[in-house]
Amino acid sequence: MNKSLTFRFMKEEDIEDVLQIEQASFTTPWTREAFYHEMTQNRFAVYVVLEEDGKIIGYCGSWVVVDEVHITNVAIHPDYRGQKLGEALMRNMIEVAIELGAVSMTLEVRVSNHIAQALYRKLGFQDGGIRKNYYTDLQEDALVMWVNL
């Protein structure tokens with residue numbers, strides 16, 4: 001069966017589906033209230049969801065400030081990982097960023113998350129520095145990565 005994948009901007013009514021993916025993906029997930037604030041109060045927030053046959057299976061959040069985009073969170077539902085959907089989602093967010101006039105993009109990633117780092121390097125991201133103890137659950141450092149768009 002041929003699956004239909006679509007990307008679209010996230011809406012407030014998507015919060016519950018995104019929250020399920022968030023909770024399945026991170027040890028310190030964002031709360032419903034945090035996503036609600038992003039959707040309703042944060043004028044810099046731009047979120048994209050990935051749907052398969054109408055079901056949200058991934059999302060990517062960002063803050064667009066002047067000409068820079070900061071990726072806040074990105075996740076694919078665990079049942080859909082290993083299919084290069086994270087790469088497709090990030091490529092879509094890069095396209096959105098360029099359309100919005102961004103010239104660079106940044107993100108933080110756990111120093112232990114080599115799979116994500118490899119994906120980001122494949123997309124042109126380069127190491128920019130370390131944020132000590134950025135992840136409070138395990139006091140793990142974050143690798144800051146940047147790409148010029």
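Quantities reported herein were computed from a predicted structural model and do not represent experimental measurements.
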* **Residues, nucleotides or ligands: over 12 heavy atoms within 6.0 Å of Gln126 CD** => no
* Asked: Can you tell if the side chain of Gln139 reaches within under 4.5 Å of the side chain of Lys132, non-hydrogen atoms only?
  -> no
* Structure fact -> Exactly one candidate in Val49, Ile56, Leu50 meets side chain to side chain contact (heavy atoms under 4.5 Å, CB included) with Ile21; the answer is Ile56
* Asked: Can you find a side-chain donor-acceptor pair between Tyr47 and Glu38 that sits under 3.5 Å?
  -> yes
* Asked: Parallel, tilted or perpendicular: which fits the ring planes of Phe35 and Tyr59, with parallel below 30° and perpendicular above 60°?
  -> perpendicular
* Are side-chain heavy atoms of Met10 and Val48 found at a separation under 4.5 Å? -> no
* **Any residue meeting ring-ring contact (aromatic ring centres under 6.0 Å, His included) with Tyr135, in chain and number order, not counting sequence neighbours** => none
* Asked: Under 3.5 Å, is there a donor-acceptor pair between the side chain of Asn42 and the main chain of Phe44?
  -> yes
* To do: Report the distance from atom CD of Gln20 to atom CD1 of Ile15, rounding to the nearest 0.5 Å.
  => 13.0 Å
* Between His70 and Glu108, is any side-chain donor less than 3.5 angstrom from a side-chain acceptor? -> yes
* Carboxylate-amine/guanidinium contact Arg91 Glu87, below 4.0 Å -> yes
* Identify whether the distance between the nearest side-chain nitrogen and carboxylate oxygen of Arg8 and Asp14 falls below 4.0 Å. => yes
Contacts under 3.5 angstrom, residues 99-107 side chains, donor-acceptor by atom type, not counting sequence neighbours:
residue	atom	partner	partner atom	Å
Thr106	OG1	Met145	O	2.9

* Asked: Is the shortest heavy-atom distance from the side chain of Glu140 to the side chain of Asn133 under 4.5 Å?
  -> no
* Do Glu68 and Ser62 have side chains that get closer than 4.5 Å, going by heavy atoms? -> no
* Do Asp137 and Arg110 sit within salt-bridge range, that is, some charged N less than 4.0 Å from a carboxylate O? -> yes
* About how many Å separate CZ of Phe125 and CG of Leu119, when rounded to the nearest 0.5 Å? -> 8.5 Å
* Asked: Distance from Leu85 atom CG to Ile57 atom CD1, nearest 0.5 Å?
  -> 5.0 Å
* Structure fact -> Here the gap from Lys122 atom NZ to Gln117 atom CD, rounded to the nearest 0.5 Å, amounts to 15.5 Å
* From CA spacing to verdict: side chain to side chain donor-acceptor pair (under 3.5 Å), Ser4, Glu52 -> CA-CA 5 Å; Ser4 173; Glu52 180 183 82; over 6 Å; no
* Asked: SG/Cys60 to CD1/Ile71 distance, rounded to the nearest 0.5 angstrom?
  -> 4.0 Å
* Asked: What distance do Tyr134 atom OH and Asp141 atom CG have between them, rounded to the nearest 0.5 Å?
  -> 12.0 Å
